[in-house]
K.L.:
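Have a look at the structure that comes next, please.
Residue numbering restarts at 1 for every chain, and letters A, B, ... go by the order of the sequence lines.
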Amino acid sequence: MRLSTYFLPTLRENPSEAQIVSHRLMLRAGMVRQASAGIYSWLPLGFRVLKRIEQIVREEQDASGAQELLMPTIQSADLWRESGRYDDYGKEMLRIVDRHERDMLYGPTNEELITDIFRGASKSWRDVPRNLYHIQWKFRDEVRPRFGVMRGREFLMKDAYSFDLTKEDARHSYNKMFVAYLRTFARMGLKAIPMQADTGPIGGDLSHEFIILADTGESQVYCDRDAIEFDPLAEAVDFDDRAGVQSIVDRWTSVYAATDEKHDEAAYAAIPEGRRVSARGIEVGHIFYFGSKYSKPLGAVLAKPDGETVPVEMGSYGIGVSRLVGAIIEASHDDRGIVWPESVAPFRVGLVNLRVGDAACSEASGKIYSALRAAGIEVLYDDRDESPGAKFATMDLIGLPWQLVVGPRGLAQGLVELKERRTGAKEDLPIDAALARFTAA
RNA sequence: CGGGGCGUAGCUCAGCCUGGUAGAGUGCUUGCUUUGGGAGCAAGAUGCCGGAGGUUCGAAUCCUCUCGCCCCGACCA
């Protein structure tokens, strides 16, 4: 993509509406534009990141055996009356009346709808286990939206729902999601730590929030350093191996990790002092098992092999996809701008032609651009007639992992400069060698 | 939903107290000079001063109502 033709409305100054760093940087980098309080348009650069995050979530959900479908944003109130939540949900639910005076709503979540879909099609123990998910926009009419896309009213969420015959099976479904989440966040370059979460009125011990550590996080969290040092991607996972999956969950849940609300001073004090971590955290995922809370009122039952019918055992598993865009920035930025992990970066390489008017620079840049594109490397080519300082500032702001700088100084010796955004490390390389960094297998 | 604040150029803001018909920086346009970390000079364009009423000879400015946005608290993927 040539920057001269790309819709990238960057801002030099911080918009006054944005307070926290991810919100400021997303606006300054031209990723989003606020439509109204807590509701955002995603501009090309931001949309690319959103899609990349969504794709990682999708791949890991699929790998764990979950199946993607798509439910609507608008739901009928009828199902919510069946579950009893229509009245319970309160003003957070955006209620709509259609032309026939029917009560509708913009879905804040999908337990009712998915249960309705499942119950109509699944009657037997042979029909489980199933895990169905979708990645869809939700709306919760927060009293006070804030922090940009981190706490918007409209947000993109992956929500999965598991269906099992027994509690034991449901536990395995839960564990699979637990492990899939660890892998998902790790692939985005995040250290997400599962923390025991409040299960509310449902009860039980099967609920975890996945928290990433970031200085500007919303809540105070405490954990054992061991929890940070585990690497979820170190080994392949066989999701059908119940004992294996359980052992991964056990290892993670055996180390202390808690949010402020669940913090246990005594347990924390028991951790060796050098391993105690007290930090700020952002919730990026939440999983929980809720048994027959929805299947019972909605009549989703399965026939067991002996003919007896029982309510299906369910769990639900959310990931805040749009929130993750902000959360990753909170966890990965510096005073010059965003620092994208390669896995979610909108482009892998930013190619900077330092002097557009110079024939040699433009020719070399053009060749590099073509070569990278031919190799399938996503590259943003800054071919604007701007001063070097402005170009560097733009690249640092939008945070592409690699900057390939073509300037007259280096080119005279046949060299271009490769800069790693994260470390700032610069290296002068012959053009072919620089290209090989990206095109080599 | 309680408490506070702010709406003036694309963005950041001044002007308001003490009414006289709109400014700066940045960005944008054009030209020249520049060119390795947001360049210099010159010439330009840009506003229903959030909206509606009212007071006044006259309102960005004073009064009333209203809409929007932000911050703190309670609540949340």
Side-chain angles (χ1 to χ4, degrees), chain A residues 9-20 23-24 27-28 30 33-39 53 57 89-93 107-111 135-160 181 185 192 197-198 200 207-212 218-219 259 261 282-288 316-327 335-337 352-358 361 382 384-398 403 405-412 415-417 419 424 426 428:
Chain A
T10 57
L11 296 171
R12 198 163 171 170
E13 291 176 271
N14 286 321
S16 59
E17 72 203 47
Q19 300 299 316
I20 66 162
H23 192 191
R24 286 203 296 251
L27 290 168
R28 286 194 51 209
R33 190 176 173 120
Q34 180 166 311
S36 60
I39 302 177
I53 291 172
V57 170
Y89 221 94
K91 290 191 163 181
E92 270 206 351
M93 185 152 77
T109 178
N110 289 64
E111 279 85 3
I135 299 172
Q136 177 63 292
W137 292 92
K138 308 285 190 295
F139 195 93
R140 292 183 193 170
D141 199 358
E142 300 271 350
V143 202
R144 195 191 149 207
R146 63 185 124 169
F147 306 147
V149 299
M150 296 236 294
R151 176 101 52 93
R153 292 194 292 171
E154 187 182 55
F155 55 97
L156 188 62
M157 179 178 173
K158 185 284 300 183
D159 42 325
Y181 274 37
F185 298 126
D198 208 347
S207 179
H208 288 88
E209 288 180 12
F210 286 74
I211 302 280
I212 67 166
E218 312 168 63
S219 44
T259 59
E261 306 90 65
I282 301 167
E283 181 184 352
V284 289
H286 196 163
I287 61 177
F288 54 97
S316 76
Y317 316 90
I319 289 179
V321 175
S322 50
R323 165 179 284 191
L324 272 166
V325 180
D335 57 357
R336 308 196 127 267
V352 180
N353 180 354
L354 272 190
R355 203 174 297 180
V356 168
D358 183 274
C361 284
D382 189 347
R384 300 172 304 163
D385 187 12
E386 289 284 345
S387 71
K391 294 193 173 211
F392 288 129
T394 298
M395 277 301 165
D396 286 346
L397 174 63
I398 67 175
Q403 295 173 15
V405 180
V406 179
R409 201 177 71 193
L411 209 54
L415 300 175
V416 293
E417 180 186 278
K419 174 182 153 185
K426 297 172 185 173
D428 285 325

K.L.:
Measure the distance from CG on A:Leu354 to P on B:U35 and round it to the nearest whole Å.
P.N.:
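Rounding to the nearest Å, CG of A:Leu354 and P of B:U35 are 13 Å apart.
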
K.L.:
If every non-hydrogen atom of A:Arg323 is compared with every non-hydrogen atom of A:Ile282, which pair is closest and at what distance?
P.N.:
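Closest approach of A:Arg323 to A:Ile282, heavy atoms only: CD-CG2, 4.4 Å.
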
K.L.:
Identify the residue among A:Arg153, A:Met93, A:Met157 that makes a side chain to side chain contact (heavy atoms under 4.5 Å, CB included) with A:Arg140.
P.N.:
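Answer to the side chain to side chain contact (heavy atoms under 4.5 Å, CB included) test with A:Arg140 among A:Arg153, A:Met93, A:Met157: A:Met157.
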
K.L.:
On a heavy-atom basis, which atom in A:Cys361 and which in A:Asp358 lie closest, and how many Å separate them?
P.N.:
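Where A:Cys361 meets A:Asp358 most closely, the heavy atoms are N-OD1, 2.9 Å.
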
K.L.:
In whole angstroms, how far is the C1' atom of B:C28 from the CZ atom of A:Arg384?
P.N.:
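After rounding, the reported distance stands at 14 Å.
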
K.L.:
Between B:U30 and B:U18, how many Å separate the two P atoms, rounded to a whole number?
P.N.:
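46 Å, rounded to whole Å.
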
K.L.:
Once you apply the 3.5 Å cut-off to both distances, tell me the Watson-Crick or G-U wobble partner of B:C6, or none.
P.N.:
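Across all strands, the one nucleotide that pairs with B:C6 is B:G68.
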
K.L.:
Using Watson-Crick or G-U wobble geometry with both distances below 3.5 Å, tell me the partner of B:C62, or none.
P.N.:
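The base-pairing partner of B:C62, which may sit in any strand shown, is B:G54.
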
K.L.:
Does any nucleotide pair with B:G36 by Watson-Crick or G-U wobble geometry, both distances under 3.5 Å, and what is it?
P.N.:
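Pair assignment: B:G36 / none.
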
K.L.:
Working to the nearest 0.5 angstrom, can you tell me the gap between A:Arg336 CZ and A:Thr394 OG1?
P.N.:
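The CZ atom of A:Arg336 sits 11.0 Å away from the OG1 atom of A:Thr394.
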
K.L.:
With P as the reference atom in both, quote the distance from B:G20 to B:C28 in angstrom, rounded to an integer.
P.N.:
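One P to the other, the span is 34 Å.
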
K.L.:
On the side chain of A:Glu417, is there an atom forming a donor-acceptor pair with the base of B:G36 - under 3.5 Å, no angle test?
P.N.:
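Yes, a donor-acceptor pair under 3.5 Å.
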
K.L.:
Stepwise, does the side chain to side chain contact (heavy atoms under 4.5 Å, CB included) test hold for A:Lys426 with A:Val405?
P.N.:
CA-CA 10 Å; A:Lys426 297 172 185 173; A:Val405 180; over 6 Å; no

K.L.:
Using whole Å, what does the distance between atom P of nucleotide B:G36 and atom NZ of A:Lys419 come to?
P.N.:
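Value for this atom pair: 15 Å.
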
K.L.:
Return the polar atom pairs (N/O with N/O) between nucleotides 66-76 of chain B and the protein under 3.5 Å, or none.
P.N.:
unit_1: B:C69; atom_1: OP1; unit_2: A:Ala37; atom_2: N; d: 2.7
unit_1: B:C69; atom_1: O3'; unit_2: A:Gln34; atom_2: NE2; d: 3.2
unit_1: B:C70; atom_1: OP1; unit_2: A:Gln34; atom_2: OE1; d: 3.4
unit_1: B:C70; atom_1: OP1; unit_2: A:Gln34; atom_2: NE2; d: 3.4
unit_1: B:C70; atom_1: O3'; unit_2: A:Glu17; atom_2: O; d: 3.4
unit_1: B:C72; atom_1: OP2; unit_2: A:Arg144; atom_2: NH1; d: 3.2
unit_1: B:C72; atom_1: OP2; unit_2: A:Arg144; atom_2: NH2; d: 2.2
unit_1: B:A74; atom_1: N6; unit_2: A:Arg146; atom_2: NH2; d: 3.0
unit_1: B:C75; atom_1: N4; unit_2: A:Arg146; atom_2: NH2; d: 2.8
unit_1: B:C76; atom_1: O2; unit_2: A:Arg151; atom_2: NE; d: 3.0
unit_1: B:C76; atom_1: N3; unit_2: A:Arg151; atom_2: NE; d: 3.4
unit_1: B:C76; atom_1: N3; unit_2: A:Arg151; atom_2: NH2; d: 2.9
unit_1: B:C76; atom_1: N4; unit_2: A:Arg151; atom_2: NH2; d: 3.4

K.L.:
Using the C1' atom as the reference point in each nucleotide, state the distance between B:C65 and B:G10 in Å, no decimals.
P.N.:
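Straight-line distance between the two C1' atoms is 31 Å.
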
K.L.:
If we call it a pair only when both distances are under 3.5 Å in a Watson-Crick or G-U wobble match, what pairs with B:G73?
P.N.:
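Base partner found: B:C1.
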
K.L.:
Take atom C1' in B:G53 and the same atom in B:G2, then report the distance between them in whole Å.
P.N.:
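About 30 Å, rounded to a whole number of Å.
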
K.L.:
For B:A14, which nucleotide is its Watson-Crick or G-U wobble mate, given both distances must be under 3.5 Å?
P.N.:
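Per the H-bond distance test, none.
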
K.L.:
Over how many whole Å does the gap from A:Glu13 atom CD to B:C11 atom C1' extend?
P.N.:
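Result: 6 Å.
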
K.L.:
Could you give the distance from NE2 (A:His208) to NE2 (A:His286), rounded to the nearest 0.5 Å?
P.N.:
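Going from NE2 on A:His208 over to NE2 on A:His286, the span is 9.5 Å.
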
K.L.:
Could you write out each protein N or O paired with an N or O of nucleotides 29-34 of chain B at a distance under 3.5 Å?
P.N.:
none

K.L.:
Pick base, sugar-phosphate or nothing for A:Gly318, based on heavy-atom distances below 4.0 Å to the nucleic acid.
P.N.:
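Answer is nothing: A:Gly318 stays at 4.0 Å or more from every strand.
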
K.L.:
Roughly, in whole Å, what's the span from NZ in A:Lys391 to C1' in B:G36?
P.N.:
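These atoms are roughly 12 Å apart.
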
K.L.:
How many angstroms lie between CD1 in A:Ile212 and CG in A:Leu324, if you round to the nearest 0.5 Å?
P.N.:
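Going from the CD1 atom of A:Ile212 to the CG atom of A:Leu324 covers 7.0 Å.
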
K.L.:
List the atom of A:Leu354, the atom of A:Pro388, and the distance in Å for their closest heavy-atom pair.
P.N.:
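Smallest heavy-atom distance, with atoms named: CD2-CB, 3.7 Å.
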
K.L.:
Counting the atoms with a prime plus P, OP1 and OP2 as sugar-phosphate, which does A:Gly30 contact under 4.0 Å by heavy atoms, base, sugar-phosphate, or nothing?
P.N.:
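No contact.
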
K.L.:
Could you state the NE2-C1' distance from A:His208 to B:A77, rounded to the nearest angstrom?
P.N.:
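So the NE2-C1' distance, A:His208 to B:A77, works out to 17 Å.
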
K.L.:
Donor-acceptor check, side chain of A:Lys138 to backbone of A:Lys158, threshold 3.5 angstrom: yes or no?
P.N.:
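Flag not set: sc A:Lys138 to bb A:Lys158 has no pair under 3.5 Å.
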
K.L.:
Once you apply a heavy-atom cut-off of 4.0 Å, does A:Pro15 come out as touching a base, just sugar-phosphate, or nothing?
P.N.:
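If one applies the 4.0 Å heavy-atom cut-off, A:Pro15 turns out to touch the sugar-phosphate alone, with no base involved.
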
K.L.:
Has A:Phe155 got its ring stacked on B:A77, by the test of a centre gap below 5.5 Å and a plane angle below 30°?
P.N.:
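A stacking contact exists, since A:Phe155 sits close and nearly parallel to the base ring of B:A77.
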
K.L.:
At under 4.0 Å between heavy atoms, what does A:Gly410 touch on the DNA or RNA strands: base, sugar-phosphate, or nothing?
P.N.:
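Base, at least one base heavy atom under 4.0 Å.
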
K.L.:
Please classify the nucleic acid contact of A:Val321 as base, sugar-phosphate, or nothing, using heavy-atom distances under 4.0 Å.
P.N.:
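No contact.
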
K.L.:
Using the P atom as the point on both nucleotides, what is the distance between B:G47 and B:C41, in whole Å?
P.N.:
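Nearest-Å result for B:C41 against B:G47 at atom P: 26 Å.
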
K.L.:
Return whichever of A:Leu397 or A:Gly357 has its heavy-atom-nearest nucleotide of RNA chain B closer to the 5' end.
P.N.:
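The 5'-side residue here is A:Gly357.
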
K.L.:
Does A:Tyr181 reach the main-chain N or O of A:Gly318 with its side chain, forming a donor-acceptor pair under 3.5 Å?
P.N.:
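It does hold such a pair.
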
K.L.:
For A:Asn14, answer base if it contacts any base atom (sugar-phosphate contacts may also be present), sugar-phosphate if it contacts only those atoms, and nothing otherwise; contact means non-hydrogen atoms under 4.0 Å.
P.N.:
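Sugar-phosphate: the residue A:Asn14, judged by heavy atoms under 4.0 Å, touches backbone atoms but no base.
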
K.L.:
Once rounded to the nearest 0.5 Å, what's the spacing between atom CD of A:Glu209 and atom CD1 of A:Ile287?
P.N.:
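Spacing of CD (A:Glu209) from CD1 (A:Ile287) equals 10.5 Å.
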
K.L.:
Say we look at B:C48 and B:G4: how far apart would their C1' atoms be, to the nearest angstrom?
P.N.:
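Taking atom C1' in both B:C48 and B:G4, they lie 30 Å apart.
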
K.L.:
Pick the closest RNA chain B nucleotide for A:Gly407 and for A:Val149 by heavy atoms, then say which residue is nearer the 5' end.
P.N.:
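The 5'-side residue here is A:Gly407.
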
K.L.:
How long is the straight-line distance from CZ of A:Arg146 back to CD of A:Gln19, given to the nearest 0.5 Å?
P.N.:
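Here the interatomic distance stands at 12.0 Å.
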
K.L.:
Figure out the CZ/P separation between A:Phe185 and B:A77, and round it to whole Å.
P.N.:
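The distance from CZ of A:Phe185 to P of B:A77 comes to 13 Å, rounded to the nearest Å.
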
K.L.:
If we take the P atom in both B:C17 and B:G50, what is their distance in whole Å?
P.N.:
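15 Å, rounded to whole Å.
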
K.L.:
Give the rounded distance in Å between these two atoms: CG of A:Asp428 and C1' of B:G36.
P.N.:
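The distance from CG of A:Asp428 to C1' of B:G36 comes to 11 Å, rounded to the nearest Å.
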
K.L.:
Pick the P atom in B:C13 and in B:C6, then give their distance to the nearest Å.
P.N.:
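Approximately 12 Å lies between the P atom of B:C13 and that of B:C6.
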
K.L.:
Scan A:Lys91 against the nucleic acid and name what it touches under 4.0 Å (heavy atoms): base, sugar-phosphate only, or nothing.
P.N.:
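Result for A:Lys91 = sugar-phosphate.
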
K.L.:
Sort out the partner of B:A42 for me: Watson-Crick or G-U wobble, both distances under 3.5 Å, none otherwise.
P.N.:
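Matched B:A42 with B:U30 under the 3.5 Å cut-off.
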
